Amino acid sequence: MHDDVPVSSRRPLRHTAAAVLGAVSLLALAACGSADPTPAATAAPAAFKPVAQKAGSEITVWADAARVPGVQAYQKAHPDVKLKIVTYSGDANGANDLQTKVQLFDRTGSGWPDVAFSANVNDGSWAAQGKTPYAAPVDKGLIPLSTLNGFAHGALNPCTFNGSTYCLRNDLAQNVLWYNKELMGKWGYSVPTTWEQYQALGKKVAKEHPGYLVGTAGDAWTPEVYFWASQCTASTTTGARKVTVDLQDAKCTRMAKLLDTLIAKGSVSKDTVFSAGFIKNQASKVLMLPGPSWYGQVLFNSTFKIPKGQIAAASPLKFEGDAKNYTGNVGGGLWFVSSHSKNLKAASDLVTWMTTSDDYQATAATYPAYKPAATSWLVNQRSTGYFANDISPVFQEAAELIWPGWSATQYSQEAIYSSTVIPALNSGKTLTDTLDTWQTAITDKAKSLGYTVK
């Protein structure tokens with residue numbers, strides 16, 4: 001998962017969430033993508049030329065603990081395939097192990113895993129770069145176009161660089177509007193469909209039911225929930241090493257002002273949903289909470305212990321005047337096939353199975369990126385009886401609404417927000433006050449990694 005606010009008291013809870021979620025890269029710390037790019041990382045990749053292939057040879061698979069049982073299930077279903085399974089961090093919780101090891105293997109000329117899973121959705125930004133990228137372009141004869149077309153619209157954007165697709169998406173973490181249906185009905189409130197209605201209801205809740213919440217701004221992934229949905233140009237790549245950062249754009253400032261208003265009223269918290277204090281004192285007072293699809297089971301059910309039949313999901317919100325409702329994404333793992341593999345056929349087949357097979361994905365912890373598998377996954381979610389409405393149409397709609405202008409980069413938005421904005425909020429500053437400082441932090445980090453910033 002992608003990692004967390006660096007506060008020691010929150011660590012145990014965040015690591016617990018990481019263990020539960022696995023596939024979802026919750027929050028990437030500064031370590032995520034923090035290594036300076038090598039000269040090769042800034043060069044355009046040459047045309048893909050596979051190394052000499054050796055049919056039937058053993059392939060090495062690197063996966064995190066949550067994915068290893070799936071790889072073992074693949075091995076059981078394909079006994080003729082020779083696998084060596086290596087358990088590693090999966091780049092969860094801010095780890096940068098895959099890139100560090102690949103840089104070592106690049107220097108020594110051997111050791112690359114044939115297949116690697118990463119919980120860090122930004123890892124494609126380096127794995128697809130260089131004269132000989134670690135990742136093989138899977139759309140160049142390795143995986144059929146018909147399979148690639150089965151993924152949700154935009155799901156493979158974090159895998160797409162230089163006109164090619166360099167990985168497959170394991171899962172999505174599309175944001176929706178979570179709400180307590182029981183409380184909404186009891187208090188006579190209607191579920192909002194626009195951010196303006198959301199703000200108005202947040203003010204009303206603060207006045208009529210003080211202490212109850214409609215959102216949080218203290219989570220490291222707040223940018224992905226709110227600013228991504230607002231189509232804020234926090235990081236929009238315009239080329240291999242070019243990025244636009246403009247937090248004074250109207251689509252950024254409108255969300256900052258909205259959140260500032262509700263933070264001042266007290267209906268948006270400055271805490272993180274995984275802090276011990278929030279879980280103890282505020283979890284039962286969440287009326288609404290924009291957030292990723294995994295909030296349903298991981299947050300409301302397993303962490304908050306909200307009883308069955310209360311929590312429901314609604315479509316992502318939009319601003320009045322916008323043509324459509326876009327949303328953001330908090331996580332989603334990636335599967336890579338190594339360009340150095342001597343058995344691309346076996347490696348590609350395993351990655352395809354892990355991302356598309358109902359035998360694995362239908363019962364996975366998180367929403368599959370592959371649409372047919374997602375349909376089966378939703379059937380299993382309905383069978384739990386946990387949710388107060390049918391989440392299927394909401395999840396399926398939101399999976400197709402992720403705004404494409406928020407780009408995968410070698411730096412972590414979560415880490416920058418955690419180190420720059422959250423301390424400012426806790427010191428009494430507003431989001432609007434902090435936009436310039438936040439922009440400078442993003443710009444400085446991007447430039448340190450070789451990006452040209454506009």
Side-chain angles (χ1 to χ4, degrees), residues 1-3 18 25 28-46 48-54 57-68 71 82-138 158-159 161-162 164 166-168 170 240-241 333-344 346-348 350-351 408-412 415 445 448-451:
M1 306 195 271
H2 306 229
D3 198 21
S25 210
L29 282 175
C32 173
S34 62
D36 289 335
T38 62
T42 62
F48 177 56
K49 296 181 180 179
V51 299
Q53 296 293 287
K54 186 177 180 181
S57 60
E58 181 182 72
I59 60 172
T60 298
V61 181
W62 283 18
D64 63 346
R67 241 59 48 189
V68 165
V71 179
K82 300 174 184 177
L83 295 182
K84 179 182 179 182
I85 303 172
V86 177
T87 305
Y88 89 114
S89 70
D91 275 357
N93 294 310
N96 199 36
D97 299 327
L98 183 60
Q99 184 179 12
T100 300
K101 290 292 187 181
V102 165
Q103 289 173 339
L104 172 62
F105 300 147
D106 286 345
R107 291 193 296 270
T108 60
S110 64
W112 305 277
D114 299 86
V115 171
F117 171 82
S118 173
N120 181 359
V121 75
N122 291 328
D123 268 356
S125 63
W126 64 262
Q129 302 300 319
K131 291 182 178 179
T132 305
Y134 164 69
V138 295
C159 297
F161 300 91
N162 308 306
S164 293
Y166 286 87
C167 56
L168 292 187
N170 182 78
R241 308 297 295 177
L334 310 175
W335 285 98
F336 297 103
V337 173
S338 172
S339 63
H340 308 281
S341 176
K342 295 178 181 178
N343 193 349
L344 288 167
S348 300
L350 184 146
V351 166
T409 56
Q410 282 188 258
Y411 53 89
S412 162
K445 186 62 179 179
S448 76
L449 292 168
Y451 286 89

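Remember, it's a predicted structure, so these values are computed and weren't measured experimentally.
Nearest heavy atom pair, residue Ala408 against residue Val121, reads CB-O, 4.2 Å. Nearest heavy atoms, Ala128 versus Asn162: O-ND2, 3.9 Å. Summarising the geometry of Ser118 relative to Asp123, their closest heavy-atom pair is OG-OD2, 2.5 Å, with the distance given to 0.1 Å. Of all heavy-atom pairs spanning Leu98 and Ala116, the tightest one is CD1-CB, 4.0 Å. Shown here for Ser339 and Pro133, the closest heavy-atom pair between the two residues is OG-O, 2.6 Å.
Between the NE2 atom in His340 and the CH2 atom in Trp112 there is a gap of 4.5 Å [rounded to 0.5 Å]. Remark: Thr409 OG1 to Asn122 CG distance equals 5.0 Å, nearest 0.5 Å. Here the CD atom belonging to Gln99 is positioned 6.0 Å from the CD atom belonging to Gln410, to the nearest 0.5 angstrom. Note that CG of Leu449 is 7.0 Å distant from CZ of Arg241, once rounded to the nearest 0.5 Å. Between the OG atom of Ser125 and the CG atom of Asn120 there is a distance of 7.5 Å, given to the nearest 0.5 Å.
By the side-chain contact (heavy atoms from CB on, under 4.5 Å) test, Pro137 is found to be paired with Phe48, Asp139, Lys140, Ser164, Tyr166, residues two or more places apart in sequence or in another chain being considered. In this structure, Trp62 has no side-chain hydrogen bond (donor to acceptor under 3.5 Å, both in side chains) partners at least two apart in sequence or on a different chain. For Asp97, the side-chain contact (heavy atoms from CB on, under 4.5 Å) test picks out Tyr88, Ser89, Asp91, Ala95, with sequence neighbours left out. With sequence neighbours excluded, the residues that form a side-chain hydrogen bond (donor to acceptor under 3.5 Å, both in side chains) with Ser341 are Asp114. For Phe161, there are no ring-ring contact (aromatic ring centres under 6.0 Å, His included) partners at least two apart in sequence or on another chain.
In this structure the side chain of Val71 reaches within 4.5 angstrom of the side chain of Leu83, judged on heavy atoms. For the pair Arg67 and Trp335, the minimum side-chain heavy-atom distance is below 4.5 Å. In this structure, Cys159 and Leu168 have side chains that are not in contact, with every pair of non-hydrogen atoms separated by 4.5 Å or more. By the 4.5 Å heavy-atom criterion applied to side chains, Val61 and Val86 are not counted as neighbours. Residues Phe117 and Asn170 are in side-chain contact: their nearest non-hydrogen atoms beyond the backbone lie under 4.5 Å apart.
Note on ring orientation: taking the six-membered ring where Trp is involved, the planes of Tyr134 and Phe336 are perpendicular (angle over 60°, cut-offs 30° and 60°).
Of the possible donor and acceptor atoms, one in the side chain of Gln53 sits under 3.5 Å from a partner among the backbone N and O of Leu344.
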